[in-house]
Amino acid sequence: MRAGLAPAVVGARIAQVTVVDERALTRHAGDAVSFEAALTGRTIAEAARRGKFLWMPLQRPVAGVQPDGASDAGASESESLGNAIVGHLGMSGQLLLRPAGAPPERHERVRLDIEHPVHGELTVVFADQRTFGSLALDHLVPTPDGAPGGWGTDAAATPSQVAHIARDALDPAFSDARFSRTVRAKRSAIKRVLLDQTVVSGVGNIYADEALWAARLHPETPAADLSARAVTRLLAEVRTVLEKALAEGGTSFDAQYVNVNGQAGYFSQSLHVYGREGEQCHRCGAVIKRIPFGGRSSHFCPRCQRRH
DNA sequence: GGAATAACCTGGATGC
DNA sequence: TGCATCCAGGTTATTC
């Protein structure tokens with residue numbers, strides 16, 4: 001989604017902001033009026049991502065030219081690294097690129113009308129059925145390691161709301177050694193640790209199940225029981241799964257999971273365990289099992305992912 | 001302090 | 001056909 005959005009929004013001026021449903025601003029410190037006012041007239045400088053968080057840093061306002069209603073929810077911009085629109089899609093959020101004046105989308109929550117120097121007038125729609133996703137204006141803070149904050153930015157900064165999120169497993173600055181130490185210090189089940197975004201980001205329920213299958217690890221294996229070698233293998237499989245999913249445009253089961261043009265990804269056709277309860281394991285032929293996991297499900301092969 | 005659970009929502013699928 | 005129930009790709013506050 002970041003890759004699809006970037007060419008259309010980087011360098012674009014935000015002409016108008018319309019908050020249709022204020023529940024989309026649950027992570028925004030102010031109200032809808034302050035959100036709309038603070039963004040109107042600003043120019044988007046980048047489109048960056050860490051794990052499942054996406055942010056769009058804003059160019060600083062030209063001296064003497066204040067955007068409408070200059071107050072914002074973050075720190076004083078003159079004292080900070082600047083501000084960014086930060087978004088999370090939650091379970092069902094979408095960011096859609098549409099022509100200017102496009103009719104309302106179903107579950108539309110926020111609309112940004114933008115003017116791009118090359119592509120002209122466009123509309124970015126944030127739609128979200130379950131309203132777990134959100135947009136916010138946030139201030140940027142330095143990264144502790146001095147490396148770029150995420151994909152799509154060279155700046156060593158992230159929105160404050162993203163600062164506690166670990167680097168993405170595919171991030172060049174990701175520390176394998178720290179990951180291994182952290183994982184092996186946890187008594188929780190390895191799947192729970194993989195889903196802990198403060199340990200590694202970008203891994204959700206689908207990709208956790210798929211990576212554990214590839215690494216032949218039972219999802220309920222205590223993380224502390226894993227050898228350093230097993231953790232290294234697991235991290236390699238996490239990366240393989242994420243790289244493949246990114247290349248195939250993500251995992252679409254229905255119309256909720258689409259790219260900025262409303263197109264579905266293909267990774268669902270590459271799944272080995274997720275959503276395949278009762279079907280045969282692609283590796284050994286055993287029947288895939290589904291077990292409850294914190295209000296959701298874990299899928300695994302009982303033969304090639306045995307509990308130790 | 002770490003780990004587990006509940007809560008936040010809507011809508012599609014399924015069963016009665 | 002209508003209603004109730006379950007389930008869904010996430011994060012975070014609360015409880016244990």
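Within every chain, numbering begins at 1; the chains are lettered A, B, ... in the order of the sequence lines, protein sequences first and strands thereafter.
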TODO: Check the pair A/Leu54, A/Val86 against side chain to side chain contact (heavy atoms under 4.5 Å, CB included), reporting the backbone distance first and the verdict last.
DONE: CA-CA 6 Å; A/Leu54 172 82; A/Val86 56; over 6 Å; no
TODO: Walk me through it: do A/Ser92 and A/His107 pass the test side-chain hydrogen bond (donor to acceptor under 3.5 Å, both in side chains)?
DONE: CA-CA 10 Å; A/Ser92 54; A/His107 307 303; over 6 Å; no
- [ ] Go through the steps to decide whether A/His139 and A/Asn83 satisfy the test side-chain hydrogen bond (donor to acceptor under 3.5 Å, both in side chains), and finish with yes or no.
- [x] CA-CA 4 Å; A/His139 64 282; A/Asn83 288 336; 5.5 Å; no
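Base engagement by A/Arg192 is indicated by at least one non-hydrogen atom pair under 4.0 Å involving a base atom. Backbone-only engagement by A/Ser297 is indicated by non-hydrogen atom pairs under 4.0 Å involving sugar-phosphate atoms exclusively. Among the protein residues, A/Tyr207 comes within range of no part of the nucleic acid, since none of its heavy atoms lies under 4.0 Å from any strand. Counting non-hydrogen atoms under 4.0 angstrom, A/Gln197 reaches the backbone sugars and phosphates but no base.
Rounded to an integer number of Å, the gap from CZ of A/Phe132 to P of C/dT11 is 12 Å. Rounded to a whole Å, the CG atom of A/Leu89 is 15 Å from the C1' atom of C/dA8. Following rounding to the nearest Å, A/Met1 (CE) and C/dG9 (P) show an atom-to-atom distance of 17 Å. The nearest whole Å value for the distance from the CZ atom in A/Phe293 to the C1' atom in C/dA8 is 15 Å. A straight line from CZ of A/Arg23 to C1' of C/dT11 spans 17 Å, rounded to a whole angstrom. One atom, CZ of A/Arg27, and another, C1' of C/dA13, lie 13 Å apart when rounded to the nearest Å. The OH atom of A/Tyr257 sits 11 Å away from the P atom of C/dA8 (whole-angstrom rounding). For A/Asp128 and C/dG9, the CG to P distance is 15 Å, given to the nearest whole Å.
In this structure, A/Val141 and A/Thr158 have side chains that are in contact, with non-hydrogen atoms separated by less than 4.5 Å.
Without hydrogens or angle criteria, A/Arg49 side chain to A/Gly152 main chain gives no donor-acceptor distance under 3.5 Å.
With a cut-off of 3.5 Å on both pairing distances, C/dG9 has no Watson-Crick or G-U wobble partner at all.
You'll find the ring centres of A/Phe300 and A/Tyr274 outside the 6.0 Å limit.
Remark: of the listed residues A/His282, A/His299, A/Arg290, A/Lys289, A/His282 is the sole one forming a side chain to side chain contact (heavy atoms under 4.5 Å, CB included) with A/Arg276.
Distances shorter than 4.0 Å separate none of the side-chain N or O atoms of A/Arg130 from OP1 or OP2 on C/dC7.
Across the P atoms, C/dT11 and B/dG1 are found 24 Å apart, a figure rounded to whole Å. Between the P atoms of B/dG11 and C/dT12, the separation comes to 24 Å (whole Å).
Note that the first and last nucleotides of DNA chain B, 5' to 3', having any atom under 4.0 angstrom from a heavy atom of chain A are B/dA3 to B/dG12.
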